[in-house]
Undergrad: 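After the structure tokens below, expect a handful of questions from me.
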There are 2 protein chains.
Amino acid sequence: MSAGGDHNKCENKDLLAVRDALEVLHGKWKLQILIAVLNGTKRFKEIGKEVEGISDRMLSKELKELEMNELVRRKVIDAFPPVVEYSATPHTRSLHPVVEALKVWGYLHRKKIIGGVEDRG
Amino acid sequence: MSAGGDHNKCENKDLLAVRDALEVLHGKWKLQILIAVLNGTKRFKEIGKEVEGISDRMLSKELKELEMNELVRRKVIDAFPPVVEYSATPHTRSLHPVVEALKVWGYLHRKKIIGGVEDRG
DNA sequence: CTCATTACTTACCTTTTGTATAGTACTTAC
DNA sequence: GTAAGTACTATACAAAAGGTAAGTAATGAG
């Protein structure tokens, strides 16, 4: 819950910026939801399918927070079986470099630390 | 706790990579600690001062996890009042693009969403 | 003996996140 | 009348993340 709220106090400007970003993007699901939406406008259930493991409750909650921060746009289509579409905004698209960097580093990390360690599962 | 563990299952390769990254970097503190260490080798208390608000308990816990993932190097100097130095590794430095992207986006987000909304405090 | 110092650890508590299950609203299909 | 379909909301409860406060080891200062 922090659309325009919670002003971090911090001497180091860069750390402050990262804190601000983290505050909006934190948690297990937000980035994943954003990636799904960045890949095209989707409905509630579609996002739920793409982001494996997320429950309705969480998806609903996260979507609400993302909407408050202008990171998704919610459009209700007044049809019968309810239709709600979620789409990316310009602000979502400005996240592209973050997502890309995370993606690249994720691959790298898997190769270096995770890859090759096949015990456990 | 996931050095080389917890292999995410996921159809979408990119989502998987981001999940992997998130798994290691998740939480309120890890990135901040990493930024502090990236700015130079530091001792326990020094990191604690730079990362405002973190408690000893959290710092100790996070440092341990980061070490397991080769994201910090821990060096104990056998002196009296204990001296332990934490430094960046090549793997930490490979995170640079992630940190940069987050920093840039954090500034952007503050201007767009946080900045100008001065009610609430 | 007591205090301060350093890098932690331990115990306890609150908040956040997550799971499971059921229910609402409304219309079409059977 | 009942089931299916859609986007949620409600409730209860378990687990994880995070916060606060205090304790530990070892030694030099007072």
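Scope of the values below: all heavy atoms of this structure, side chains included, with no hydrogens, waters or symmetry mates. Just so we're on the same page: letters track the sequence lines, and every chain starts at 1.
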Undergrad: Are any of A:Lys61's side-chain N or O atoms less than 4.0 Å away from OP1 or OP2 of C:dG18?
TA: no
Undergrad: To the nearest 0.5 Å, what is the distance between OH on A:Tyr86 and CZ on A:Arg74?
TA: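 Between A:Tyr86 OH and A:Arg74 CZ, I get 4.5 Å after rounding to 0.5 Å.
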Undergrad: Please report, rounded to the nearest Å, how far the P atom of D:dA14 is from the CE atom of A:Met58.
TA: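 Distance check: A:Met58 CE to D:dA14 P gives 16 Å.
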Undergrad: Would you mind telling me which of C:dT19, D:dG18, D:dT9 lies closest to the side-chain atoms of A:Ser55?
TA: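 Between C:dT19, D:dG18, D:dT9, the one nearest the side chain of A:Ser55 would be C:dT19.
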Undergrad: Is it true that B:Glu46 and B:Lys49 have a side-chain N and a carboxylate O under 4.0 angstrom from each other?
TA: no
Undergrad: Please work out if A:Gly53 contacts a base, only the sugar-phosphate, or nothing of the nucleic acid, heavy-atom cut-off 4.0 Å.
TA: sugar-phosphate
Undergrad: On DNA chain C, does the nearest nucleotide to B:Tyr86 precede the nearest nucleotide to A:Lys30 from the 5' side, or the other way round? Give the residue.
TA: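 It is B:Tyr86 whose nearest nucleotide is closer to the 5' end.
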Undergrad: Identify whether any heavy atom of B:Pro82 sits under 4.0 Å from a base atom; if not, whether one sits that close to sugar-phosphate; answer base, sugar-phosphate or nothing.
TA: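 B:Pro82: base contact, heavy atoms under 4.0 Å.
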Undergrad: Looking at C:dC8, I'd like to know if its phosphate oxygens (OP1 or OP2) sit under 4.0 Å from a side-chain N or O belonging to B:Lys45.
TA: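 For B:Lys45, the contact criterion (side-chain N or O under 4.0 Å from OP1 or OP2 of C:dC8) is not met.
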Undergrad: Looking at A:Arg43 and D:dT6, is any side-chain donor or acceptor paired with a base atom of the opposite kind under 3.5 Å?
TA: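 Absent.
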Undergrad: For the side chain of B:Ser60, counting heavy atoms from C-beta on, which of D:dC8, D:dT20, C:dT9 is nearest?
TA: C:dT9
Undergrad: Nearest to the side chain of B:Pro81 - C:dT5, C:dT9, D:dT6?
TA: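 Closest nucleotide among those given: C:dT5.
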Undergrad: Rounded to the nearest 0.5 Å, how far does NZ of A:Lys30 lie from CG of A:Leu22?
TA: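 It is 10.5 Å, given to the nearest 0.5 Å.
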Undergrad: So that I can tick it off, tell me whether B:Glu85 and B:Arg43 are bridged by a salt bridge, with the cut-off set at under 4.0 angstrom between side-chain N and carboxylate O.
TA: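 Between B:Glu85 and B:Arg43 there is no salt bridge, as every charged N stays at least 4.0 Å from the carboxylate O atoms.
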Undergrad: What is the distance from CD of B:Glu62 to C1' of D:dA16, rounded to the nearest Å?
TA: 12 Å
Undergrad: Do B:Arg57 and D:dT20 share a donor-acceptor pair, side chain to base, under 3.5 Å?
TA: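 Side chain to base: pair present.
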Undergrad: Quick one: label B:Val76 by what it contacts on the DNA or RNA (base, sugar-phosphate, nothing), any heavy atom closer than 4.0 Å.
TA: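 B:Val76: no heavy atom of the nucleic acid under 4.0 Å.
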Undergrad: Could you tell me whether a side-chain N or O of B:Thr92 sits under 3.5 Å from a main-chain N or O of B:Leu71, the two making a donor and an acceptor?
TA: yes
Undergrad: With a 4.0 Å cutoff (strictly under), does any side-chain N or O of A:Trp29 reach OP1 or OP2 of C:dT16?
TA: no
Undergrad: So if I take every side-chain heavy atom of A:Lys64 and compare against D:dT9, D:dA7, C:dG18, which nucleotide ends up nearest?
TA: D:dT9
Undergrad: If pairing requires Watson-Crick or G-U wobble contacts with both distances under 3.5 Å, which nucleotide is the partner of C:dC30?
TA: D:dG1
Undergrad: Select one nucleotide: of C:dA7, D:dC8, C:dT17, the one nearest the side-chain heavy atoms of A:Phe44.
TA: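 Nearest listed nucleotide: D:dC8.
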Undergrad: B:His26 side chain N/O closer than 4.0 Å to the phosphate oxygens (OP1, OP2) of D:dA17?
TA: yes
